[in-house]
Q: 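Have a look at this one.
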Amino acid sequence: MTRDDIADLYQGYITCLNEQDWDNLGRFVGEEVQYNGETIGLSGYRRMLEGDFEAIPDLRFNIELLISEPPRVAARLHFDCHPKGVLFGLPVNGRRVSFAENVFYEFHGSRIREVWSVIDKAAIQAQL
């Protein structure tokens, strides 16, 4: 897989998330996916994402920076949203917050096998 191929695949994955197209999530995410070192599997990954959209109804993943070096992708994602209640232990309660996530992915073939995510909670806290 080339750099462009994996970048295109990743952008398809982000589109899948933004459209909440859960039936097609398995096209992008492997059955035994790991998230921050824990194997949660495709079903656990889907539940996590569904929970994110439940907590943040206007959630939208926006790619700010994308670097592809097969089999890995590094991205900085930007979020500008209104979480309903507590977010990452912070009482947001419907207020608008803007924050970033720095995330790394490792692909096995055409599917995500591992995800390492760091969310800028300090940016959220500074806005409250």
Side-chain angles (χ1 to χ4, degrees):
M1 191 174 314
T2 69
R3 289 178 184 197
D4 289 341
D5 291 339
I6 202 167
D8 290 345
L9 185 62
Y10 181 72
Q11 290 173 341
Y13 162 73
I14 293 297
T15 298
C16 179
L17 298 185
N18 284 333
E19 293 177 357
Q20 299 180 55
D21 185 6
W22 308 130
D23 291 337
N24 283 309
L25 187 62
R27 289 182 52 218
F28 303 99
V29 178
E31 286 292 332
E32 298 300 317
V33 68
Q34 292 184 8
Y35 182 79
N36 285 344
E38 179 184 347
T39 301
I40 62 173
L42 177 59
S43 61
Y45 198 75
R46 177 177 173 164
R47 278 192 304 276
M48 177 185 70
L49 290 165
E50 288 174 332
D52 291 344
F53 278 93
E54 174 65 27
I56 311 168
D58 62 345
L59 181 62
R60 181 150 183 88
F61 292 74
N62 299 296
I63 301 171
E64 247 182 24
L65 177 64
L66 178 61
I67 299 170
S68 61
E69 185 66 42
R72 294 180 187 90
V73 166
R76 180 172 174 86
L77 303 174
H78 181 259
F79 303 93
D80 189 348
C81 53
H82 299 82
K84 290 196 293 191
V86 175
L87 180 67
F88 310 122
L90 300 170
V92 178
N93 300 320
R95 284 179 276 190
R96 178 178 175 235
V97 291
S98 180
F99 62 97
E101 175 184 19
N102 295 309
V103 61
F104 301 88
Y105 303 84
E106 183 169 295
F107 284 75
H108 181 72
S110 62
R111 292 193 176 114
I112 296 168
R113 172 175 46 194
E114 292 189 58
V115 180
W116 298 274
S117 167
V118 178
I119 294 173
D120 187 357
K121 294 184 212 176
I124 299 168
Q125 192 169 26
Q127 296 168 68
L128 299 180

Q: In plain terms, say whether E69 and R3 are close enough for a salt bridge, that is, a side-chain N and a carboxylate O under 4.0 Å apart.
A: yes
Q: Look at atom NE2 of H82 and say whether more than 12 heavy atoms of other residues, nucleotides or ligands are closer to it than 6.0 Å.
A: yes
Q: Quick one: does R111's side chain have a donor or acceptor within less than 3.5 Å of a partner on G26's backbone?
A: yes
Q: Starting at CZ of R76, measure out to CD1 of I67 and round the result to the nearest 0.5 Å.
A: 11.5 Å
Q: Can you name the one residue among F107, F61, Y105 that meets ring pair (Phe, Tyr, Trp, His ring centres under 6.0 Å) with Y13?
A: Y105
Q: To check you understand the geometry: which heavy-atom pair defines the closest contact between A7 and L66, and what is its length?
A: CB-CD2, 4.1 Å
Q: Using 0.5 Å steps for rounding, measure from the CG atom of L25 to the CD1 atom of I112.
A: 8.0 Å
Q: V86 and N93: which non-hydrogen atoms are nearest, and at how many Å?
A: N-OD1, 4.2 Å
Q: Backbone N or O of V92 within a donor-acceptor pair of the R95 side chain at under 3.5 Å?
A: yes
Q: Please test F28 against L17 for side-chain contact (heavy atoms from CB on, under 4.5 Å), starting from the C-alpha separation and ending with a verdict.
A: CA-CA 10 Å; F28 303 99; L17 298 185; over 6 Å; no
Q: Between D120 (side chain) and A100 (backbone), is there a donor-acceptor pair under 3.5 Å?
A: no
Q: Hey, any chance M48 and L42 share a hydrophobic cluster, counting ILVMFWY side chains that come within less than 4.5 Å of each other, even indirectly?
A: yes
Q: Where do V115 and Y45 land on the side-chain contact (heavy atoms from CB on, under 4.5 Å) test, with the steps shown first?
A: CA-CA 10 Å; V115 180; Y45 198 75; 3.8 Å; yes
Q: When you measure from the side chain of K84 to the backbone of E54, do you find a donor-acceptor pair of N or O atoms at a distance under 3.5 Å?
A: yes
Q: Measure the CG-CG distance between N62 and N18 for me, rounded to the nearest 0.5 Å.
A: 6.5 Å
Q: Less than 4.5 Å apart, any side-chain heavy atom of S98 and any of H78?
A: yes
Q: Between V97 and I119, is there a shared hydrophobic cluster once you connect ILVMFWY residues whose side-chain heavy atoms come closer than 4.5 Å?
A: yes
Q: Ignoring hydrogens and angles, tell me if any N or O in the side chain of E101 forms a donor-acceptor pair with the backbone of S117 under 3.5 Å.
A: no
Q: Verify side-chain contact (heavy atoms from CB on, under 4.5 Å) between R60 and C81, making sure each step is shown before the conclusion.
A: CA-CA 8 Å; R60 181 150 183 88; C81 53; over 6 Å; no
Q: Any link between I63 and L59 through a network of hydrophobic side chains (Ile, Leu, Val, Met, Phe, Trp, Tyr) touching at under 4.5 Å?
A: yes
Q: Grab the two heavy atoms, one from L128 and one from P91, that are nearest each other, plus how far apart they are.
A: CD1-O, 4.1 Å
Q: Nearest 0.5 angstrom please: D23 CG to R46 CZ, how far?
A: 5.5 Å
Q: Taking NZ, NE, NH1 and NH2 as the nitrogens, is one of them in R72 or E114 under 4.0 Å from a carboxylate oxygen of the other?
A: no
Q: How many angstroms lie between atom CG of L9 and atom CE of M1, to the nearest 0.5 angstrom?
A: 5.5 Å
Q: With clusters defined by side-chain heavy atoms of hydrophobic residues (ILVMFWY) lying less than 4.5 Å apart, directly or transitively, does W116 cluster with F79?
A: no
Q: Does one hydrophobic cluster hold both L65 and V118, with members joined at side-chain heavy-atom distances below 4.5 Å?
A: no
Q: Can you tell me how far apart CD (E32) and CZ (R113) are? Round to the nearest 0.5 Å.
A: 12.0 Å
